[in-house]
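Structure, as structure tokens:
Chain identifiers are assigned alphabetically (A, B, ...) following the order of the sequence lines, protein sequences preceding nucleic acid strands; residue numbering begins at 1 within each chain. These values consider heavy atoms only, across backbone and side chains, with no hydrogens, waters or symmetry-generated copies.
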Number of protein chains: 2
Amino acid sequence: MPRLTRAESVQRTRSLLLTAAEEVFAEKGFTQASLEDIADRAGYSRGAVYANFTNKEDLFLALLGDWLDRDIEESEEILAPGGDAMQTVDALRGRGGNRFADRERFALMLEFRLYAIRNPLAAQALRDYDRKSRDWYARSIRRVIQGMGLPLPAPAEQVALVALALEHGIALLAHTDPEAISQDSYLDAATLLGTALISAAERERSAR
Amino acid sequence: MPRLTRAESVQRTRSLLLTAAEEVFAEKGFTQASLEDIADRAGYSRGAVYANFTNKEDLFLALLGDWLDRDIEESEEILAPGGDAMQTVDALRGRGGNRFADRERFALMLEFRLYAIRNPLAAQALRDYDRKSRDWYARSIRRVIQGMGLPLPAPAEQVALVALALEHGIALLAHTDPEAISQDSYLDAATLLGTALISAAERERSAR
DNA sequence: GTCTATACGAAGATAGAC
DNA sequence: GTCTATCTTCGTATAGAC
């Protein structure tokens, strides 16, 4: 009697390969990464890769799907426990200021975006991901604003788009120039935006 | 007597190769683009590439430098004629809402960023570029705010960083999901930020 | 399903003629 | 400086044993 059933063993190999792929793709990029690199790191041979995925692109897409799902899950956890504004900000700070503060994570995300420019399947996956991210922001914003009993001077969806764009934009700039721009200047930027909006909202309220 | 001097001829070839490289790199990405593709498009053979650049990477870096310089020049032109706020916004709108609205231009920019993650020389060039861009924004913001006779609730440099990050972030999201997010939602986002800041500034002034 | 061995093509880079 | 021909490396993918 094997400790792992056949199905479990298959899943395990697949999972190990995906983890290895994530690391290697992040380090070298899609085209630079060889299947041998990936198989080696997972402790298998090239044959194992082809037994589990039809080709390199298929592996990359599987990784993309996995990665996006995991990221969304993590986000939900941050928001989940009925936490207030401060808790959410603290959780974000714990993540290094923004989701893409980690160099490898960021590189992989860029790699996906670039790939998606020329690949419809990848583009679809990223669209879903972005929409979920934006939705997450919209819910967070509504929760915070409601907690303060203030009217929003703009729809939560629009503010969410701005916040999401800021998260990506700051990550991009900070990774290029880490000495001048820290990753958690995202939190500063979000704070600037937030206080300006709240101030505008209060002004509007008191004008009535 | 040749129509072109020797030096001019050299410059011409180099320039043709760079233009071809820009197109091919934008279409296929750095690793996917072959030197033969590029040479073909320019009407030369691979040998010509090696006569003008030491290798593929050198060509890519030369293109990066050219591209950044051109972009900065264009930006200066927009700001130059002592234009007011509306003129600047109109000029931006004429550019498709943001600098990276064009698909190829955007792809190339991402390609450069990704490359820079692993290449110090490219990273340095992008840093200079980003600092100039940020500076451009800071000058624009100061000009607009001064024109309105208002105090800024935050340093122009910080607001400039936010604007620059927004430009990049919106381009990223809009290219992934063009149906849901238009490129000129950058202008909406900037407007949202701007009015909120101005509102906050006016509130502060009237509080005194 | 996983391994080893191998076929095959693609593309960067070099050598030498013009 | 530019071309053609060639070398060489590398990585995807397949075939067949276990």
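A salt bridge is defined here as a Lys NZ or Arg NE, NH1 or NH2 lying under 4.0 Å from an Asp or Glu carboxylate O, and A:Asp37 with A:Arg41 fails to meet this definition.
Across all strands shown, A:Ala7 has no heavy atoms under 4.0 Å from either base or sugar-phosphate atoms. Across all strands shown, B:Ser9 has no heavy atoms under 4.0 Å from either base or sugar-phosphate atoms.
The minimum heavy-atom distance between B:Asn52 and B:Arg14, with the atom names listed, is O-NH1, 3.7 Å. Shown here for A:Arg105 and A:Arg99, the closest heavy-atom pair between the two residues is CD-O, 2.8 Å.
Note: CD (A:Gln32) to C1' (D:dT12) measures 15 Å, nearest angstrom. The distance between atom CZ of B:Arg14 and atom P of D:dT2, rounded to the nearest whole Å, is 12 Å. Taking atom CG on B:Leu16 and atom P on D:dT2, their separation rounds to 10 Å, with Å as the unit. Atom CG in B:Leu59 sits about 11 Å away from atom P in C:dG12, given to the nearest Å. When rounded to the nearest whole Å, the span between CD of A:Glu8 and P of C:dG1 equals 15 Å.
DNA chain D is contacted by A:Leu35, A:Arg46, A:Tyr50, A:Asn55, A:Lys56 of residues 35-57 of chain A, taking any non-hydrogen atom closer than 4.0 Å.
Rounded to the nearest 0.5 Å, atoms CG (A:Leu68) and CG (A:Asp128) are 8.5 Å apart.
Taking the ring centroids of A:Phe112 and A:Phe30, they lie at or beyond the 6.0 Å cut-off.
Residue B:Thr13 has no polar side-chain atom (N or O) positioned under 4.0 Å from OP1 or OP2 of D:dG1.
A perpendicular orientation is assigned to the rings of B:Phe60 and B:Tyr115, their planes being inclined by more than 60° (bins at 30° and 60°).
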